[in-house]
Amino acid sequence: MTRDLSQKLINTWDWLNSYCLSRRDDQTLACGDHAICIVQIDDYPSRRLAWGPEKTKEILKGMEDIMSAYALEDTLIARYNDSTFVVVLHHLSDQSEVMEICSEIKSTVDEACLGGDLPLTISIGASACHHDPKVGYQCAMSSALEALAKAQNSDGISISNGRA
């Protein structure tokens with residue numbers, strides 16, 4: 001199922017946590033059965049300047065199309081800002097699925113060759129939720145942000161396996 005990302009624009013992590021809290025009574029989403037992935041375009045401010053407004057718009061549309069491919073019925077894909085997307089994965093059977101989906105997203109973006117001479121690259125930080133279901137997904141968000149920082153200094157994908 002493809003979702004219109006323009007209708008899912010979020011501007012605070014509180015919005016995401018509110019969404020996640022709204023799902024806390026779903027008994028099929030026991031703690032550890034969901035994860036948050038943060039997908040961020042690398043060095044976006046300088047790339048945006050080099051690409052110019054029209055090319056940037058075209059590239060972001062291509063990025064939205066790629067991210068939409070991962071918006072399944074049980075997956076939320078939201079755009080935090082121009083350079084950052086949030087993927088909330090539900091109903092995971094194990095953590096290897098998180099790495100598999102993150103690798104697929106990164107590979108798809110790399111293969112799309114968005115940006116031409118100055119190619120778009122991404123970093124992805126992800127974390128499964130390990131918390132009291134009444135708390136929301138804040139634990140996974142903070143762990144995913146930490147993983148994103150590591151990903152930006154390594155091969156582009158980092159999965160946190162720490163517990164909040």
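Only one option out of Ile66, Val39, Ile105, Ile124 pairs with Phe85 in a side chain to side chain contact (heavy atoms under 4.5 Å, CB included); it is Val39. Results of the side chain to side chain contact (heavy atoms under 4.5 Å, CB included) test with Tyr44 over Asp82, Leu120, Ile122, Thr84 single out Asp82 as the only residue that passes.
To the nearest 0.5 angstrom, Ser143 atom OG is 12.5 Å from Leu148 atom CG. In this structure, Lys150 NZ and Ile157 CD1 are separated by 15.0 Å, a value rounded to the nearest 0.5 Å. With values rounded to the nearest 0.5 angstrom, Asp43 atom CG is found 10.5 Å from Ser123 atom OG. Note that CG of Asp65 and OG1 of Thr108 are 12.5 Å apart. Values are rounded to the nearest 0.5 Å. The distance from the CE atom of Met67 to the SG atom of Cys37 is 8.5 Å, given to the nearest 0.5 Å. Glu97 contributes atom CD, which lies 11.5 Å from atom SG of Cys102 (distance to the nearest 0.5 angstrom).
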Let's go through Ile41 and Leu60 carefully: what are the C-alpha distance in whole Å and the side-chain angles of both, what is the deciding distance for side chain to side chain contact (heavy atoms under 4.5 Å, CB included) to 0.1 Å, and is it a yes or a no?
CA-CA 10 Å; Ile41 298 171; Leu60 290 175; 3.8 Å; yes
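Side-chain contact check for Glu111 and Ser107: at least one donor-acceptor pair (N or O, by modelled atom type) lies under 3.5 Å.
Looking at every heavy atom in both residues, Val98 comes nearest to Ala35 through CG2-CB, 3.7 Å.
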Quiz: residues 48-56 side-chain donor-acceptor pairs under 3.5 angstrom, not counting sequence neighbours:
from, atom 1, to, atom 2, distance (Å)
Trp51, NE1, Leu118, O, 2.9
Lys55, NZ, Gly115, O, 3.2
Thr56, OG1, Arg48, O, 3.4
Thr56, OG1, Gly52, O, 2.6

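When the side-chain hydrogen bond (donor to acceptor under 3.5 Å, both in side chains) test is applied to Ser154, no partner is found at least two apart in sequence or on another chain.
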